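Report on the following structure.
Bear in mind the structure is a predicted one, so any value in this text is a computation, not a measurement. Only this structure's heavy atoms are used, side chains among them; waters, hydrogens and symmetry mates stay out. Letters go in sequence order (proteins before strands), and every chain restarts at 1.
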Amino acid sequence: MDYKHTFNLLILGLLLLLPASLLQADEVSESGDSELESFFAISLIGGVSETNQLDQNFNRVNTTESFLAVNLEMQLRWKGFFYENPGNSQENVDGLFSGDAIGYNFYNTRNWAVDLYAVHAHGGGEFVFDGIEQLYDEEGEPAGINVHRLTLPRDSNYRLGVRATGYFSDYLMQFIATPVSFEDEIGGFGLSASIRRTWLYKNWNFYGTVGLNYQSSDIIDYYWGLSDSESAQIEDHMRRTDTPYKPYEADGGVMAVGQVGFEYPLTEHLVFGGFITSVLRPDAVTDSPLSSEGRLVSTAGLSVTYVF
Amino acid sequence: MNQKFLKTDNFSYLVGLCLSLFLGLLPWQSQAQQEALYTLTLSPEKCVALRQGQTCYVDISLNWKAQEKANYCLFAASQETPLQCWQEAAEGELNMEFSSSENTWFYLKRQQAVLAQVELKMAWVYKSKRSSVTWRVF
């Protein structure tokens, strides 16, 4: 069964259900909980990202790349059901390790909200290897090149889990456990914990966040492991044996993330922000021959967010 | 006869209507005259915080004018003591940093009489939305 499509259908169904429920919600009560709550924001983010990467000769070199991106952030809530698409704001839509998710908020205390949710935990993609073959004519003279492309695909990881978010005056804490993967091929389990502290100076909102994210060997190995057959495919494709693409089986590992930033309201709808994020990737990932980026990846950026 | 009586009745009705309109307009005229006599303006009129419930900080400018010189004071609704007083003045300006988490009225007063007022409104970008429900099953 294709669980990605199931997940997408669930999201689509919820999106279709929520507007229809608006009419009902008005009739239920005035508690506020029965009404559809929504949050939409669009951010323009620009900045730089620094790490070290493998070059064509498999040497590590420091690289700095600039980026400019548009990010859509959304949250819909109705009677405990929610759909959220994390974004750049610190509006509590997302914690440090959340992704696109649908779920149900089933338990609350004064400070804690506990959700059962399905989350897009890892993005899919493919590793691409270009093999260059020199072509010659009948007389043995060079006649161009032929580029062969080898791709090693990795599926997205949609997971089912429980999320507990603690709201305290200046702190936001979040614990996530995702023991079930919708992809049988991936399996494994994930655990994460993060804490955010907010400081106010007049209308400036400063924050600092730290978090740890553990992924079991099944997850890391699915994305960063290299099987015997894949290794042979690569070397055959590149017509080289002096490559680092040897078979690799990954262990579990912990990723650490630190972030500091600020937000300042320019108007009721416009927020100016900035952030610096550093990600310390686990050895299980950086040791992989498929990992071109280094152990530390740092990103700094400025953003302007329009909140609808 | 009957027709004449009706005319008299119409006349009385018209007089009554005019009198009512005149009397009804008196408070409006009085208010308009007072507004013309005393003006109080605020800039900016809105303070924007990031999150609902946060204290909002803003540099405000209050300007007032009166047609006659006297002793005037500016008050904020949240404070009993005046923000500033002027002796034998017909106009004044107050620039200050103000902070509040809720809408606040500012008043121009002479003795205890409120002569003009203006409101500073609080606004925010992110709404507070924590649920109070404990367990729930649909």
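In A/L116, the CG atom is crowded: over 12 heavy atoms of neighbouring residues, nucleotides or ligands sit closer than 6.0 Å. For B/K109, the NZ atom sits in a packed shell: over 12 heavy atoms of surrounding residues, nucleotides or ligands are nearer than 6.0 Å.
Considering CG of A/N203 and CZ of B/R51, their distance stands at 13.0 Å, rounded to 0.5 Å. Taken to the nearest 0.5 Å, the OH atom of B/Y57 stands 9.5 Å off from the OH atom of A/Y201.
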*Using the side chain to side chain contact (heavy atoms under 4.5 Å, CB included) rule, take A/Y264 and B/L50 through it: C-alpha gap first, then chi angles, then the decisive distance, then the call.*
CA-CA 7 Å; A/Y264 180 80; B/L50 187 69; over 6 Å; no
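Taking 4.5 Å as the heavy-atom cut-off, the residues of residues 91-100 of chain B that approach chain A are B/E97, ordered by number.
A/V271 and B/Y126 get closest at one heavy-atom pair: CG2-OH, 4.0 Å. When all heavy atoms of B/V48 and A/P265 are compared, the closest pair comes out as O-CG, 3.5 Å.
The part of A/L200 that comes within reach of chain B is its side chain, from C-beta onward, which places non-hydrogen atoms under 4.5 angstrom from that chain.
A/N205 and B/Q54 form a side-chain donor-acceptor contact under 3.5 Å, judged by distance and modelled atom types alone.
Every pair tested for side chain to side chain donor-acceptor pair (under 3.5 Å) that includes a residue from residues 73-84 of chain B fails, sequence neighbours excluded, so the list is empty.
Residues satisfying the salt bridge (Lys or Arg N to Asp or Glu O under 4.0 Å) test with B/K121, not counting sequence neighbours, are none. With sequence neighbours left out, B/E68 forms a side-chain hydrogen bond (donor to acceptor under 3.5 Å, both in side chains) with B/R110.
You'll find the side chain of B/K127 stays beyond 4.5 Å of the side chain of A/E37, heavy atoms only.
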